Amino acid sequence: MVLITVHDDKCTGCGSCVDACQNDVLELKDGICFPARMSLCKYCVDCVRSCKFNAIKVFI
Ligand code: SF4
Ligand code: SF4
C-alpha cells in the first residue's frame with residue numbers, strides 16, 4: 001500500500017507535483033497539495049522529484 005504525505009508547513013501550493021503526476025492522483029485543496037486519488041498512484045515518484053520544497057513524500 002502506498003502512503004503519500006504532504007508537509008503542510010513546507011508546501012507552498014505551487015502545483016508542480018499536481019502537474020507532474022500523470023495519473024491524476026494529486027490536487028490542490030485550500031492552497032496545499034492533497035492526494036485525492038491514492039488508488040491511482042503508480043509509485044513513480046515524479047511528484048517527489050518535481051517538488052523544490054521537499055514537501056511531498058511517497059512511502060511504498
Ligand atoms: S510541488 Fe511541493 S510545494 Fe508544490 S504543491 Fe506540490 S508538495 Fe506543495
Ligand atoms: S508517485 Fe507518481 S503516480 Fe503517485 S502521486 Fe506521485 S507522481 Fe503521481
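When reading the values below, keep in mind they use all heavy atoms of this one structure, side chains included, and skip hydrogens, waters and symmetry mates. Not measured: the values here are computed from a predicted model. Start at 1 and go down the list; that is how both ligands and their atoms are numbered.
- Residue Leu26 comes nearest to Cys33 through the heavy atom pair CD2-SG, 4.0 Å, listed as atom of the first residue, atom of the second, then distance.
- Looking at heavy atoms from C-beta onward, Cys11 lies out of side-chain contact with Ile56 at the 4.5 angstrom threshold.
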Going through the distances and angles, do Val25 and Asn23 end up as a side chain to side chain contact (heavy atoms under 4.5 Å, CB included)? CA-CA 6 Å; Val25 175; Asn23 297 294; 4.0 Å; yes

Trace of the side chain to side chain contact (heavy atoms under 4.5 Å, CB included) decision for Val58 with Leu3: CA-CA 6 Å; Val58 176; Leu3 177 65; over 6 Å; no

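- With respect to atom 4 (Fe) of ligand 1, the closest heavy atom belonging to the protein is Cys14 SG, 2.3 Å.
- From the protein, the heavy atom lying nearest to atom 5 (S) of ligand 1 is Gly15 N, 3.3 Å.
- Heavy-atom contacts of Cys11 reach the following atoms of ligand 1: 3 (S), 5 (S), 7 (S), 8 (Fe) (cutoff under 4.0 Å).
- Under a cutoff of 6.0 Å and an axis angle of 45°, Lys10 and Phe53 do not form a cation-pi pair.
- The local environment of CG in Asp9 is crowded, with over 12 non-hydrogen atoms from other residues, nucleotides or ligands closer than 6.0 Å.
- Protein heavy atom at the shortest distance from atom 2 (Fe) of ligand 1 is Cys51 SG, 2.3 Å.
- The closest side-chain heavy-atom distance from Ile4 to Lys57 is not below 4.5 Å.
- The number of protein N, O or S atoms lying under 2.8 Å from atom 6 (Fe) of ligand 2 is 1.
- The ligand atoms of ligand 1 that sit less than 4.0 angstrom from a heavy atom of Phe53 are 3 (S).
- Around CD of Gln22, the count of heavy atoms belonging to other residues, nucleotides or ligands within 6.0 Å does not exceed 12.
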